[in-house]
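Values reported hereafter were calculated over all heavy atoms of this structure, with side chains retained and with hydrogens, waters and symmetry mates removed.
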Amino acid sequence: MALAEYFDALETRSADEREAAQAAALARQITHARTQAPHYAGLPDGPLTALPVTRKSELVAQQSARPPFGGVVATPFGQLARVFASPGPIYEPEAAVPDYWRYARALHATGLRAGELLHNCFAYHFTPAGSMLEGGARALGCPVFPAGTGNTEMQAQAAAQLRPRCYSGTPDFLKTILERGDALGLDLSSLKLGHVTGGAYLPSLRAWYAERGLTVLQSYGTADLGLIAYESEAPEGLIFDEGVIVEIVRPGTGDPVPDGEVGEVVVTTLNPHHPLIRFATGDLSAILPGQSPCGRTNRRIRGWMGRADQAAKVRGMFVRPEQVAAVLRAVPGVAKARLVVSLEGERDVMLLRAEAPAEAAAALAEALQGATNLRGQVECVPPGSLPNDGKVIDDTRPVPG
């Protein structure tokens, strides 16, 4: 592959060059965080692996105690461009800089080029996903149709008329749009590319897109960190973004595990506005040995392999044990509940199994949607039916290979 096909020269630098550059950037970031982000004021000296881990699961309480951001943001509130809220709630800043979330690199690896329209089906309200992909596309010189979520028929009609080259959204929703377009007799042949994240991208779905002639690649990112890793045209693992330092650690600790061993993804971002240092995502993955055949030289992970805690990502949104507890508080007489996350075809579904009388089902369903912003089913079961194992969220979806 010619250099022009890479986003920049950072993608093909040697391991020694990358390590030296990241070490210098990390030293600057730690000094910056100590002076500008109160949470890190007492950060000790020492190697990265000796520094304390900041856990995603702690941010809800931390932001509540020290609003709005828990002391982890270095840019004054009034100088930000946007503020988002993810379930928890957890509040995330967006600074007024181009491609703040660094998604241009991932979209470029997917094949999107200047002047091509991106049909962006991520949400534009509350959570930053829509802004993440739009910022990346605009940095590439691409116009964006801010489609958002839902409205499948209107999505298909818009794609037929606007003729986008690339879709961005959750893995399964593109299939829904294409199938709706087929049913309506619409020509959606302009869609040749897809960039997906926020859900399980299963091999069966990847094969469905390939049979239709689409190249659909995935990335891994969070609302706190932006892009972490992305696929290239050689989809063997996900390549680390150049703006983060990634460790795989033993869950519940900050101790790195050997390459190939499954552990929790811990990320240090070089973003000066939101200088998260050793930020534990709660996601499980493993380092994939070797270098990508595409020529990009950064390290790779196998992809998302489950959760190190009991939170689950459902249709692009995190659902946490604290939210299940809020559902129980909202409906009197419910002793215990377990939220089961599974797949129906290619779609994430939720079932709340609650030890409650049958007449509580409607109230529980309403409370569940209010707490998570997602619809789910409710099954009321007799007292003592649920296992006594402390599990609040049971994610039964298969881990992509």
Side-chain angles (χ1 to χ4, degrees), residues 7 11 54 56 59 72 82 84-88 90-95 97-110 112 118 120-124 126-140 166-171 173 194-201 216-232 235 237-248 264-271 273-276 278-285 296 298-308 311-318 400:
F7 181 70
E11 294 182 356
T54 297
K56 188 180 185 81
L59 276 187
V72 296
R82 297 180 180 88
F84 294 100
S86 295
I90 295 176
Y91 297 99
E92 300 101 6
E94 180 183 301
V97 297
D99 194 22
Y100 173 80
W101 307 96
R102 307 180 312 283
Y103 258 87
R105 185 179 305 282
L107 288 170
H108 186 274
T110 298
L112 187 65
L118 177 70
N120 189 14
C121 289
F122 281 113
Y124 274 79
F126 273 87
T127 60
S131 187
M132 286 179 171
L133 275 295
E134 174 155 328
R138 296 298 301 128
L140 292 177
C166 185
Y167 158 94
S168 59
T170 54
F173 191 48
H195 188 90
V196 301
T197 187
Y201 187 24
V216 180
L217 304 181
Q218 66 179 321
S219 63
Y220 165 49
T222 75
D224 318 276
L225 298 157
L227 180 67
I228 297 173
Y230 61 97
E231 280 187 329
S232 71
L238 279 73
I239 304 162
F240 290 150
D241 176 55
E242 300 293 337
V244 293
I245 299 171
V246 182
E247 306 167 77
I248 306 296
E264 184 175 12
V265 179
V266 171
V267 181
T268 297
T269 174
L270 302 177
N271 175 359
H273 303 283
H274 196 190
L276 291 170
R278 300 206 81 200
F279 185 73
T281 63
D283 291 326
L284 295 175
S285 193
R296 293 173 176 85
N298 210 340
R299 305 188 81 194
R300 299 173 295 163
I301 51 175
R302 288 178 56 188
W304 186 82
M305 300 177 69
R307 294 291 296 170
K313 190 178 283 187
V314 182
R315 298 173 222 155
M317 306 278 279
F318 275 110

Peer 1: Given side chains that start at C-beta, do those of Trp304 and Val265 come closer than 4.5 Å, heavy atoms only?
Peer 2: no
Peer 1: Does Tyr220 have any side chain to side chain donor-acceptor pair (under 3.5 Å) partners at least two apart in sequence or in another chain, and if so, which?
Peer 2: Thr281, Asp283
Peer 1: Taking only residues two or more places apart in sequence, or in another chain, which ones meet Thr110 in a side chain to side chain donor-acceptor pair (under 3.5 Å)?
Peer 2: His195
Peer 1: Taking the side chain as everything from C-beta on, heavy atoms only, tell me whether Asn271 gets closer than 4.5 Å to Tyr100.
Peer 2: yes
Peer 1: Is any side-chain heavy atom of Arg296 closer than 4.5 Å to one of Ser232?
Peer 2: yes
Peer 1: Quick check: closest heavy atoms across Gly237 and Glu231, and the distance to 0.1 Å?
Peer 2: O-CG, 3.8 Å
Peer 1: For Arg105, what residues pass the salt bridge (charged side-chain N to carboxylate O under 4.0 Å, His left out) criterion, not counting sequence neighbours?
Peer 2: Asp8, Glu11, Asp241
Peer 1: For Met305, does its backbone N or O pair with a side-chain atom of Ser285 as donor and acceptor, under 3.5 Å?
Peer 2: no
Peer 1: For Lys313 versus Gly199, what's the shortest heavy-atom pair and its separation?
Peer 2: CD-N, 4.4 Å
Peer 1: Starting at CD1 of Ile90, measure out to CZ of Phe318 and round the result to the nearest 0.5 Å.
Peer 2: 8.5 Å
Peer 1: Grab the two heavy atoms, one from Gly282 and one from Glu264, that are nearest each other, plus how far apart they are.
Peer 2: N-OE2, 2.9 Å
Peer 1: Counting C-beta onward and ignoring hydrogens, is there a side-chain heavy-atom pair between Gln218 and Thr197 closer than 4.5 Å?
Peer 2: no
Peer 1: Using the salt bridge (charged side-chain N to carboxylate O under 4.0 Å, His left out) criterion, which residues pair with Asp224? Sequence neighbours excluded.
Peer 2: Lys56
Peer 1: Within the 4.5 Å heavy-atom criterion, are Ile301 and Phe240 side-chain neighbours or not?
Peer 2: yes
Peer 1: Could you walk me through whether Phe122 and Thr170 satisfy the side chain to side chain contact (heavy atoms under 4.5 Å, CB included) test, starting with their C-alpha distance in whole Å, then the side-chain angles of each, then the deciding distance to 0.1 Å, before giving a yes or no?
Peer 2: CA-CA 7 Å; Phe122 281 113; Thr170 54; 4.2 Å; yes
Peer 1: Show me, pair by pair, the donor-acceptor contacts under 3.5 angstrom made by side chains of residues 127-140, not counting sequence neighbours?
Peer 2:
from, atom 1, to, atom 2, distance (Å)
Ser131, OG, Glu94, OE1, 2.6
Ser131, OG, Glu94, OE2, 3.4
Glu134, OE1, Tyr124, OH, 2.5
Arg138, NH1, Cys142, O, 2.9

Peer 1: Between Thr54 and Arg278, is any pair of side-chain heavy atoms under 4.5 Å apart?
Peer 2: no
Peer 1: Could you walk me through whether Ile248 and Arg302 pass the side chain to side chain contact (heavy atoms under 4.5 Å, CB included) test, one step at a time?
Peer 2: CA-CA 11 Å; Ile248 306 296; Arg302 288 178 56 188; over 6 Å; no
Peer 1: Would you give the length of the straight line joining atom SG of Cys121 to atom OH of Tyr167, rounded to the nearest 0.5 angstrom?
Peer 2: 5.0 Å
Peer 1: Under the salt bridge (charged side-chain N to carboxylate O under 4.0 Å, His left out) test, which residues partner Arg299, sequence neighbours left out?
Peer 2: Asp259
Peer 1: A side-chain contact here means heavy atoms from C-beta on lying under 4.5 Å apart; do His108 and Tyr230 qualify?
Peer 2: no
Peer 1: Hey, mind stepping through Tyr201 and Leu217 against side chain to side chain contact (heavy atoms under 4.5 Å, CB included) and telling me if it holds?
Peer 2: CA-CA 9 Å; Tyr201 187 24; Leu217 304 181; over 6 Å; no
Peer 1: Can you confirm whether Val267 sits close enough to Leu276 that some side-chain heavy atom of one is under 4.5 Å from a side-chain heavy atom of the other?
Peer 2: no
Peer 1: If you measure from CG on Leu59 to CD on Glu92, what distance do you get to the nearest 0.5 Å?
Peer 2: 9.0 Å
Peer 1: For Phe84, look at atom CZ and say whether over 12 heavy atoms of other residues, nucleotides or ligands are found less than 6.0 Å away.
Peer 2: yes
